[in-house]
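Take a look at the structure below.
Every number for a ligand or one of its atoms is a count from 1 in the order of the listing. Side-chain atoms are counted along with the backbone in the values below, which use heavy atoms only and exclude waters and symmetry mates.
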Amino acid sequence: MARRILLLGPPGAGKGTQATLIASALHVPHISTGAMLRAAVAAGTRLGKQAESVMASGELVSDELVVAIVDERLSQDDARCGYLLDGFPRNVAQAEALNDSVVDAIGTVVLLNVDTEEVIVRMMRRAEEEGRSDDNEEAIRRRLEVYSGETTPLVTFYDSAVLEVDGMGSVEAIFSRIMIALAKS
Ligand code: AMP
């Protein structure tokens, strides 16, 4: 069965880590708009230059830009038998655009629930390890606001497709909860 999964959760919830594990267990590509945008910034492409300062401030880059990137990515062969989306859609407008271009674009949404204090700790730790330009206090605050204002309405949008998973604890414990929830869905 083609699995079309969206991994949802606040910034710092561990989506990237879990997405890598889930994608490899299910043999589907891990499609992360954040990673694609960071690669574009690192490569200094025109798209990267457009996105760089917006990303560093913790705001969302334009819907038009990310929708175009994702449309292109989903049209590649490896996405035909399913995919794991991480970081897209990020708001209802993007979810609607995705529905317009792909039939049954999302079958299951895994929502990682993590306490706000814990995501701040994780992002500050990541700041030391990875040096992401948006892992600083001001951008973290903004990303959390954007998540609660723009991204959480997706839980209502996807409604019965949403599986809530406790995102607290070790990477292994969270991964096993996700796989159990997916197996039951
Ligand atoms: P992430 O790695 O998913 O936390 O994304 C890092 C940053 O990339 C976000 O704070 C946004 O600036 C940008 N970004 C990633 N995905 C999207 C998206 N779907 N829509 C708009 N901006 C995005």
Next on the checklist: With a 3.5 Å distance limit and no angle check, can you tell me whether Thr33 reaches the backbone of Gly87 through a side-chain donor-acceptor pair?
Outcome noted: yes
Besides Leu60, the hydrophobic cluster formed by Ile, Leu, Val, Met, Phe, Trp and Tyr side chains linked at under 4.5 Å, directly or via other members, contains Val146
Residues, nucleotides or ligands: over 12 heavy atoms within 6.0 Å of Glu137 CD = no
Sequence neighbours left out, cut at 3.5 Å: what donor-acceptor pairs do the side chains of residues 165-179 make with other protein atoms?
from	atom 1	to	atom 2	distance (Å)
Asp166	OD1	Met168	N	2.9
Ser170	OG	Ala173	N	3.0
Arg177	NH1	Asp166	O	2.5
Arg177	NH1	Met168	O	2.9
Arg177	NH2	Met168	O	3.3

Protein neighbours of ligand 1 with a heavy atom under 4.0 Å, given by chain and number, are Thr33, Gly34, Leu37, Arg38, Met55, Glu59, Leu60, Val61, Val66, Gly87, Phe88, Arg90, Gln94, Arg132, Asp134
Show me the side-chain donor-acceptor pairs of residues 39-53 shorter than 3.5 Å, one per line, residues at least two apart or across chains.
from	atom 1	to	atom 2	distance (Å)
Thr45	OG1	Ala40	O	3.4
Thr45	OG1	Gly48	N	3.0
Lys49	NZ	Gly44	O	2.8

When Val92, Leu8, Asn91 are each screened for side-chain contact (heavy atoms from CB on, under 4.5 Å) with Thr151, the one that passes is Leu8
